[in-house]
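These notes concern the structure reproduced below.
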Amino acid sequence: MADNNQLNSRDSFSSKFGVIAAAAGSAVGLGNIWRFPYVAGENGGGAFLLLNLAFILAIGVPVMLSELLIGRKAQLNIFGAFRKLAPGKPWYLVGLMGVGAAFMILSFYAVVAGWTLEYSFYALRNEFAGKSAEELSLIFDKLTGATWRPVVFMLIFMAISALIVRSGVKKGIERYTKILMPLLLVIIIGLAIRSLTLEGAYAGLEFLFRPDFSAIDANTVLEALGQAFFSLSLGMGVMATYGSYIKKSESLGQTAISVSLTDTFIAVLAGVAIFPAVFAFGIEPGAGPGLVFVTLPGIFNQMVGGYFFAVFFFVLLVIAALTSSISLLEVVVAYFVEELKMKRPVATWVAAGIMSLLGVLCALNGAIFNLFDKTSSNILLPLGGLFIVIFVGWFLGKRVVKAELEADGRVAFYFKMFVPVIRFLAPIAIALVFLNGIGLLKF
Ligand code: PHE
């Protein structure tokens, strides 16, 4: 395909590994390594993890498959997909909500990615060496409390994301994910091993793996659901948009399962790296968004070759964040290009420009940051997911669903299970958790 052509016609991933790498690249990011430990820490640990895993299995995987299916069937952005598959019906509003969620998420996501970027430089300058937990937490507070630096680093990150998205999905995404993500995994395993061998590590494992059900309230349950959606990049059109770039010869079911497994494995591994150290260093597990930024440098300080580990880790984390941020940006850009008929580069800079303005607010104001973080994960994504499963389960029709799942020429043996799950189990579970969480229903 010629280059200019590619800007207008639909791009697609070249290989099976490319598909999984891109979707897993979207799923694996700050959600696993930054957000999972911080939210688990705020919500009592073990019971939160258990709920989170249950939601991933019962809700996350079916929503992901539904979303991939919508995208590949329609071959369009999330808004256009709903309009094409349900002409004259208001389903496109779900697509519009997804585009809105993308703006909201990337605005605060880029701020956290900016912190990560700045931490890469700190690591390079060996700034963590010999510092106690208190001193490390001071570094974080100073950075996030500053005026210019968080804004500048957020903008740099946004600009890099825009540069990649501007030149198209395939060239942009496939190339980076394939080598770098396995490398990140190796480093996290190294971190987990060191953390587990710290004195007092056991208390952290207990915190993460021994559920204390007395710590659960309606909000914890909603947080566990929100984290499942956020971490798997669900409920707002990322997987639908990527699904639209997946060839008919690929199995959507396999993609959904591999991506969910990889993502969950990495989040749990991040937990195993963080919590033993949290307890060994006497850090408060509920410390909030700063939790991993204080804990990780502490672990590096205790490692042989910690300097190199730290530099590699933060650089790779920036890259993991990039493969997620470009998927968020792509949702909006695909919508702008296909529905508003903008040129791809213009669409990219307009979207990134608006997100940057919102990002400045998030960088400077913790309350806005928190509002965007919690509203997107706990409200917009579950609502989007609810509508998506209802749409595929009740609206698309069994025959269409079956045909799409079997488009790769193989029998989708899970089809019989998938239909009742997306018709009943997933929507009822999302609705109950949601209504209970926002206090409209009390159990
Ligand atoms: N799943 C990504 C992460 O874990 C974040 C994300 C959320 C990306 C929603 C796209 C959509 O970092």
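In listed order, ligands and their atoms are each counted from 1.
Listed by number with element, the atoms of ligand 1 under 4.0 angstrom from any heavy atom of Asn32 are 4 (O). In the vicinity of Ser231, heavy-atom distances shorter than 4.0 Å reach the ligand 1 atoms 1 (N), 4 (O). For ligand 1 and Leu30, the ligand atoms under 4.0 Å from any heavy atom of the residue are 12 (O). Near Met236, the atoms of ligand 1 lying under 4.0 angstrom from a non-hydrogen atom of the residue are 11 (C). Within ligand 1, counting atoms from 1 as listed, the ones closer than 4.0 Å to a heavy atom of Gly29 are 3 (C), 4 (O), 12 (O). Near Val238, meaning under 4.0 Å from any of its heavy atoms, are these atoms of ligand 1: 10 (C), 11 (C). The distance from ligand 1 to the heavy atoms of Gly31 drops below 4.0 Å at these ligand atoms: 3 (C), 4 (O), 12 (O).
Taking the six-membered ring where the residue is Trp, the centroids of Phe55 and Phe229 are separated by 6.0 Å or more. Ring centroid separation for the pair Phe391 and Phe387 does not come in under the 6.0 Å cut-off. Annotation: Phe153 is not in aromatic contact with Trp115 [ring centroid separation under 6.0 Å not met]. Aromatic ring centres of Tyr307 and Phe300: separated by at least 6.0 Å.
Closest to atom 4 (O) of ligand 1, if we only count protein heavy atoms, is Ala27 O, 2.8 Å. Regarding atom 9 (C) of ligand 1, its nearest protein heavy-atom neighbour is Ser233 CA, 3.7 Å. Summary of contacts: the protein heavy atom closest to atom 7 (C) of ligand 1 is Phe230 O, 3.2 Å. With respect to atom 2 (C) of ligand 1, the closest heavy atom belonging to the protein is Ser26 O, 3.2 Å. Considering only non-hydrogen protein atoms, atom 11 (C) of ligand 1 sits nearest to Leu328 CD2, 3.4 Å.
The aromatic rings of Tyr122 and Phe128 sit perpendicular, their planes meeting at an angle over 60°, well past the 30° parallel limit. Between Phe108 and Phe369, the angle of the ring planes goes over 60°, which puts this pair in the perpendicular group of the 30/60° scheme.
Between Leu208 atom CG and Phe279 atom CZ the span is 9.5 Å, to the nearest 0.5 Å.
In summary, the side chains of Ser377 and Arg35 do present a donor paired with an acceptor at a separation below 3.5 Å, with no hydrogens or angles considered.
Exactly one of Leu184, Ile33, Ile188 qualifies for a side chain to side chain contact (heavy atoms under 4.5 Å, CB included) with Leu316. That residue is Leu184.
Ligand 1 lies within reach of Tyr109, whose nearest heavy atom is under 4.0 Å from it.
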